[in-house]
Amino acid sequence: MDLGSQIKRQREVKEWSQQILADKLHISRQSISKWEQNTALPSFTNIVAMSELFNISLDEFIKSDTQLAEQIDAKMKMSKILQAVIVSALIAFMVFIGMKIASINIYDISSYFTDFGAILLIIVMFKLDWHKLDQIVSRRVIILIAITVVMFLIPAINDFIMSFIDGWKQAVIDSDFE
């Protein structure tokens with residue numbers, strides 16, 4: 001049984017209308033309607049509150065709804081990803097400040113960062129669970145992220161191709177002189 005059916009069944013057992021349940025949760029009646037029709041999912045706070053109002057355990061209340069369990073799990077993983085992004089940004093900021101203090105010119109070592117970043121990106125692409133990411137993040141956000149990443153990689157790709165072409169030209173020139 002899905003969560004929407006469970007909410008409706010428990011509400012009817014208590015002989016409550018959607019409005020009564022909405023008033024008890026301090027939300028709109030339309031929210032209850034959307035939950036019961038499975039067009040929206042309640043927040044975890046509202047799930048806990050409903051399990052208390054219906055006087056049933058959380059396990060009994062949501063156990064049968066695997067979609068909800070997967071979404072809650074995905075949101076928890078997303079918060080871990082967000083934490084990792086924040087920590088990474090802080091580390092990058094500290095490295096940047098350290099480089100400024102040490103008077104290191106970023107342009108002297110930028111190619112190392114670009115190469116290292118490209119290698120890390122490739123590793124991340126193979127390690128990501130794309131199916132779960134698709135469940136967490138909308139397609140528009142994924143497309144915007146992909147465009148941003150590609151825009152950052154264009155200089156690295158250009159440098160790689162140009163160094164390959166320059167190396168090839170040099171090899172041709174060297175072979176002509178021999």
Side-chain angles (χ1 to χ4, degrees), residues 1-100 113 116-154:
M1 177 185 300
D2 60 33
L3 184 63
S5 301
Q6 178 76 310
I7 293 170
K8 184 174 182 175
R9 188 171 69 79
Q10 293 297 330
R11 181 179 58 77
E12 289 173 346
V13 165
K14 293 278 191 181
E15 297 179 353
W16 292 343
S17 66
Q18 287 181 344
Q19 187 61 54
I20 291 172
L21 179 57
D23 291 342
K24 291 182 181 290
L25 294 172
H26 308 290
I27 59 172
S28 68
R29 184 205 57 78
Q30 289 83 359
S31 294
I32 303 296
S33 176
K34 288 178 183 178
W35 297 344
E36 290 182 357
Q37 295 172 11
N38 291 313
T39 57
L41 288 171
S43 68
F44 190 70
T45 305
N46 283 326
I47 292 170
V48 171
M50 283 187 285
S51 76
E52 291 173 359
L53 287 171
F54 296 145
N55 202 22
I56 60 174
S57 71
L58 268 175
D59 188 45
E60 183 181 345
F61 190 50
I62 65 172
K63 190 172 189 173
S64 60
D65 194 342
T66 56
Q67 178 189 5
L68 177 65
E70 287 174 2
Q71 272 197 324
I72 290 171
D73 188 40
K75 283 183 182 179
M76 291 180 75
K77 284 184 180 178
M78 187 60 180
S79 69
K80 289 180 183 178
I81 292 171
L82 183 60
Q83 288 173 353
V85 168
I86 290 171
V87 167
S88 299
L90 287 173
I91 290 170
F93 181 72
M94 290 188 309
V95 166
F96 177 75
I97 296 298
M99 289 174 53
K100 287 296 181 185
F113 284 120
F116 185 67
I119 290 168
L120 283 178
L121 179 65
I122 291 168
I123 291 170
V124 166
M125 289 175 64
F126 283 106
K127 291 288 185 180
L128 270 179
D129 185 350
W130 291 99
H131 179 69
K132 290 200 185 228
L133 184 65
D134 191 39
Q135 292 175 346
I136 298 169
V137 182
S138 74
R139 292 199 187 275
R140 287 183 183 145
V141 171
I142 291 173
I143 290 169
L144 286 174
I145 290 170
I147 290 170
T148 304
V149 167
V150 167
M151 288 178 70
F152 279 112
L153 286 179
I154 285 173

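On a predicted model such as this, the values are computed, not experimentally measured, just so you know.
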Distance in Å, T45 OG1 paired with L25 CG, rounded so as to fall on 0.5 Å steps: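 If we round to the nearest 0.5 Å, T45:OG1 and L25:CG are 10.5 Å apart.
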K8 side, atom NZ; L3 side, atom CG - distance, nearest 0.5 Å: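 It is 14.0 Å, given to the nearest 0.5 Å.
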side-chain contact (heavy atoms from CB on, under 4.5 Å) involving I20 - partner list, sequence neighbours excluded: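 Listed in chain order: W16, S17, K24.
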Closest non-hydrogen atom pair between G4 and N38, with its separation: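 Residues G4 and N38, closest heavy atoms: N-OD1, 3.2 Å.
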Considering all heavy atoms, the nearest Q18-R11 contact: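 Where Q18 meets R11 most closely, the heavy atoms are N-NH1, 3.5 Å.
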Pair R29-Q19, side-chain donor/acceptor within less than 3.5 Å: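 Judged by distance alone, the side chains do not pair up.
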4.5 Å side-chain heavy-atom contact, W35 and L21: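 W35 does not reach L21 side chain to side chain.
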List the atom pairs, donor and acceptor, that lie under 3.5 Å between side-chain atoms in residues 47-57 and the rest of the protein, sequence neighbours left out.
unit_1 : atom_1 : unit_2 : atom_2 : d
S51    : OG     : V48    : O      : 2.8
S57    : OG     : E60    : N      : 3.1

More than 12 heavy atoms from other groups under 6.0 Å of CD on E15: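 At most 12 heavy atoms, drawn from other residues, nucleotides or ligands, come within 6.0 Å of this atom.
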